[in-house]
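Atoms within each ligand, like the ligands themselves, are counted from 1 in listed order.
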Amino acid sequence: MARDWDKAYEVDETPWDKGYAAPPLMKFLKEHSLQGRALVPGCGTGHDVRLLAKHGVQVTGLDIAPGALRKAAAFAPVGGESYVLGDFLNPEAGLSGSFDWVVEHTCLCAIEPSQREAYLSSLNKVLKRGGQFLAVFFREVSNYDGDGPPHPISGEEIHALFHDDFELVESYTPRETYPSRPVGCEEVCWMRKRGA
Ligand SMILES: C[S@@+](CC[C@H](N)C(=O)[O-])C[C@H]1O[C@@H](n2cnc3c(N)ncnc32)[C@H](O)[C@@H]1O
């Protein structure tokens with residue numbers, strides 16, 4: 001059964017929300033400067049959005065759950081961040097071709113594996129030509145029995161899904177993680193949309 005994301009935020013049952021941005025993203029932003037506009041799909045309460053904004057990025061957080069965005073909006077603004085309510089699998093026309101970057105963290109693992117082609121199609125839609133995709137993927141979820149979310153994605157599945165449309169810039173296992181996520185369960189993938 002599909003997860004009721006909004007209800008989770010309403011009743012504060014959001015164990016994925018650690019209260020601060022993803023450590024692999026913090027490390028990446030210390031070492032790289034992101035230019036242009038960025039989209040964070042499935043942004044939740046916006047910790048990653050505000051981190052990007054602190055680094056000077058014009059960033060939009062998108063989430064399907066109004067409750068998540070109400071919580072995001074309650075934080076003091078830090079820079080050029082904004083939030084949009086919507087379904088990343090069916091993005092509104094105004095988002096098409098608008099972004100230089102999409103920053104993924106715990107959105108792909110939140111959708112059903114059968115919807116990954118739709119995720120890819122949305123990614124292609126919202127990114128500009130030559131746009132870049134920075135993902136912190138969940139490669140392993142302990143005791144995963146096919147029931148999710150979260151749904152992990154293997155290295156082979158990442159390659160199969162993205163390779164035709166994206167060239168890999170870099171990928172690695174981050175050593176900086178939330179304490180509850182053992183090193184090895186995440187993978188950072190930095191990709192560039194083909195056809196620049
Ligand atoms: C596991 S939570 C992660 C939230 C945030 N990235 C974080 O790390 O705190 C997944 C988020 O994706 C959102 N979400 C699920 N399906 C979505 C969709 N189709 N479009 C946009 N957001 C979606 C949920 O509402 C939820 O906020």
Looking at [X], which atoms of ligand 1 are within less than 4.0 Å of one of its heavy atoms?
| X | value |
| --- | --- |
| C43 | 5 (C) |
| H105 | 6 (N), 8 (O) |
| D87 | 18 (C), 19 (N), 20 (N) |
| Y9 | 4 (C), 26 (C), 27 (O) |
| A110 | 10 (C) |
| A65 | 25 (O) |
| G86 | 20 (N), 21 (C) |

Would you mind checking which non-hydrogen protein atom is closest to [atom], with the distance to 0.1 Å?
| atom | answer |
| --- | --- |
| atom 25 (O) of ligand 1 | D63 OD1, 2.6 Å |
| atom 9 (O) of ligand 1 | W16 CD1, 3.5 Å |
| atom 15 (C) of ligand 1 | W5 NE1, 3.4 Å |
| atom 7 (C) of ligand 1 | T106 OG1, 3.6 Å |
| atom 20 (N) of ligand 1 | F88 N, 2.9 Å |

* Asked: Is the shortest distance from a Lys or Arg side-chain nitrogen in D100 or K128 to a carboxylate oxygen in the other one below 4.0 Å?
  -> yes
* Might you point out which heavy atoms bring L168 and M191 nearest each other, and give the distance in Å? => CD1-CG, 4.0 Å
* Partner of V59 by side chain to side chain contact (heavy atoms under 4.5 Å, CB included), out of R37, E81, K54 -> E81
* **Qualifying residue for side chain to side chain contact (heavy atoms under 4.5 Å, CB included) with F88, from V40, L62, I64** => L62
* **Check: D63 side chain, L69 main-chain N or O, donor-acceptor pair, under 3.5 Å** => no
* **Heavy-atom proximity to atom 11 (C) of ligand 1, best of G42, A22, A72, P41** => G42
* Please indicate whether K18 has more than 12 foreign heavy atoms, meaning atoms of other residues, nucleotides or ligands, lying under 6.0 Å from its NZ. => yes
* Parallel, tilted or perpendicular: which fits the ring planes of Y178 and H105, with parallel below 30° and perpendicular above 60°? -> tilted
* To do: Just say parallel, tilted or perpendicular for the rings of F162 and F166, cut-offs at 30° and 60°.
  => perpendicular
* ligand 1 to I64 polar contact by distance, N or O atoms, under 3.5 Å -> yes
* **Verdict with reasoning, R139 to E187, per salt bridge (Lys or Arg N to Asp or Glu O under 4.0 Å)** => CA-CA 6 Å; R139 208 170 43 188; E187 168 120 354; 2.2 Å; yes
